[in-house]
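Order of the sequence lines fixes the chain letters, A, B, ..., with proteins taken first and strands second; residue numbering starts at 1 for each chain.
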Amino acid sequence: MTSPEPVVLSATAITKRFGTVDVLKGVDLTVRKGERIAILGSSGSGKSTLLRCLNLLERPTGGTIALDGRTIGRPDGKGCQRYDERELDRVRTRVGMVFQQFNLFPHMRVIENVMEAPRGVLGKSKAEAQAIAERQLAAVGLAEKATAWPAQLSGGQQQRVAIARALAMDPEVLLLDEPTSSLDPELVGEVLAAIRALSDEGRTMLIVTHELGFAFHFATRVLFLHDGKVLEEGPPEQVLKAPREERTRRFIERFTERRF
Amino acid sequence: MPELQFGVVFADFDLLIRAAGTTALLWAAAFSVGWSAGWIVAFGRRSPRLVLAIPARGFVECFRNTPVLVQLIWFYYALPVLIGIQMPAFGAAVLALGLNGTAYCAEIHRNGLQSVAIGQWEAGRALGMGRLRVFFRIILPQAVSRMIPAYTNRAVEMAKNTSVASVISVHELMYNARLFSSQNYVPLETFTVVAGIYFVVIWPISLASSLIERRRSA
């Protein structure tokens, strides 16, 4: 897609090694404003690790991440980046994340979950934070659950709260790490609908998902990861319907043959 | 059946009550030391740096694998030889019971912190919260509420352990009971009453603990 939009987030030659295992073997990625990128790949391909490297929740072994054109961290002279905790905190206020396991704070009510970071990190007043939280909860259809405890909600509702919590920071980029993978099948739809609603407001998003149908309609670009590298990328029409690579084709077939 | 002379004990009941006050003071002081210093040792245990983790581990193992009575006597009689300062008995008792409590509390803190899922840290950090903020706002509140049963167990255990301080002449409940019973030849009556006092002081803690637990699981 040729887009005049500015680059928001970029990754250059990202590698990640856990012990002796190379999970990422050099990934380059450029995310432009308003793009919606679906990252696909079989388990172990490194897609979640890639996502977690983008907000430095996982520190890459090599390579750099840049936000708004500014490289995060500085070279340590030995080919790696050194990161300053404060800088990472600032980066993460701009790059939100939604987790597979929701990770709501169980000791806080729903609205407190959403208010916590705007208040504590952005320094919003209680009234401001509350207004933001109410707006975000309404956006995911959970305004009436504001005073509930996370444990009282279904998985789908918890994940929608997690989305509201991430959006309360108004991040430039939202990362979604298999947001529906731990949900009962009947709850997947409501979460996908909430995510789809975000695309209407032009939110820049990267999603790791196994929902190929969703990826097809949602994404502006699809990335297929295999063995720690981007094997194939392009518009969903191309990658999902006419994959160039044999591995991509086999991966997609495995999903589609379940349909009847 | 001997003839019971509880009257003798109750005639000097105020003596025992004052002694119980000393017991309570010793307990409160030692538990405060143990709870607070326990955090320092717990963070040492959690540290990836071995210069911190190994001494912290050593401290915990030493205090958990020797009798508290030996520790108490060591601090009262042995430590002064080492440093050349004689400590008052009460101070030695606070130190010994406090450090013993430190070792146990450190493990409670550590296990409590570990029981909070790693995802909670990640969720906090991913929102741009700094390490300290995540710790105090997200991790600690969850950990402490899970630690309450273990804390109360430890508090009850320590309350009972204060009685060993009698051997280094801290004038707490047990010391006065022994004195009183040998002066008046009424061991049965004295120690029955003293057991009752310990029970009355300690039982409410156990009770509060189980109430808190029941409310938490409700």
- Message: Using heavy-atom distances under 4.5 Å, tell me whether A/L122 contacts chain B through its side chain, its backbone, both, or neither.
- Response: neither
- Task: Answer yes or no: are there more than 12 heavy-atom neighbours, outside B/R64 itself, under 6.0 Å from its atom CZ?
- Result: yes
- Pick from A/V121, A/T93, A/V98: which one has the most heavy-atom pairs with chain B under 4.5 Å? A/V121
- Only one of A/R165, A/R92, A/M97 passes side-chain contact (heavy atoms from CB on, under 4.5 Å) with B/L127; say which it is. A/R165
- First locate atom CD of A/Q101, then atom CD1 of B/I118, and finally report the distance between them rounded to the nearest 0.5 Å. 13.5 Å
- Most heavy-atom pairs under 4.5 angstrom with chain A, which of B/G124, B/S145, B/G119, B/A117? B/G119
- Task: Quick one: pull up CG in A/N113 and CD1 in B/I138 and give me the separation to the nearest 0.5 Å.
- Result: 7.5 Å
- Atom CE in B/M129, atom CE in A/M169: separation rounded to 0.5 Å? 9.0 Å
- Message: For B/A126 versus A/L57, what's the shortest heavy-atom pair and its separation?
- Response: N-CD1, 4.3 Å
- Message: For the backbone of B/R137 and the side chain of A/H107, can you confirm whether one donor and one acceptor N or O come within less than 3.5 Å of each other?
- Response: yes
- Message: Does any backbone or side-chain atom of A/V91 lie under 4.5 Å from a heavy atom of chain B? Answer side chain, backbone, both or neither.
- Response: neither
- Task: Against chain B, label A/F105 side chain, backbone, both or neither, depending on which of its atoms sit under 4.5 Å from a heavy atom there.
- Result: both
- Task: Go through A/L175, A/L56, A/N55, A/L104 and name the one with the most non-hydrogen pairs under 4.5 angstrom from chain B.
- Result: A/L104
- Message: Looking only at heavy atoms and a cut-off of under 4.5 Å, which of A/R90, A/E116, A/R86 has the most pairs with chain B?
- Response: A/E116
- Query: Going by heavy atoms in the side chains, are A/M108 and B/P141 under 4.5 Å from each other?
  - Reply: no
- Item | Exceeds 12 heavy-atom contacts within 6.0 angstrom, atom CZ of A/R109 | yes
- chain B contact via A/R52 - which portion, at a heavy-atom distance below 4.5 Å: side chain
- Query: Got B/R125 and A/D89 here, is their nearest side-chain heavy-atom distance under 4.5 Å?
  - Reply: yes
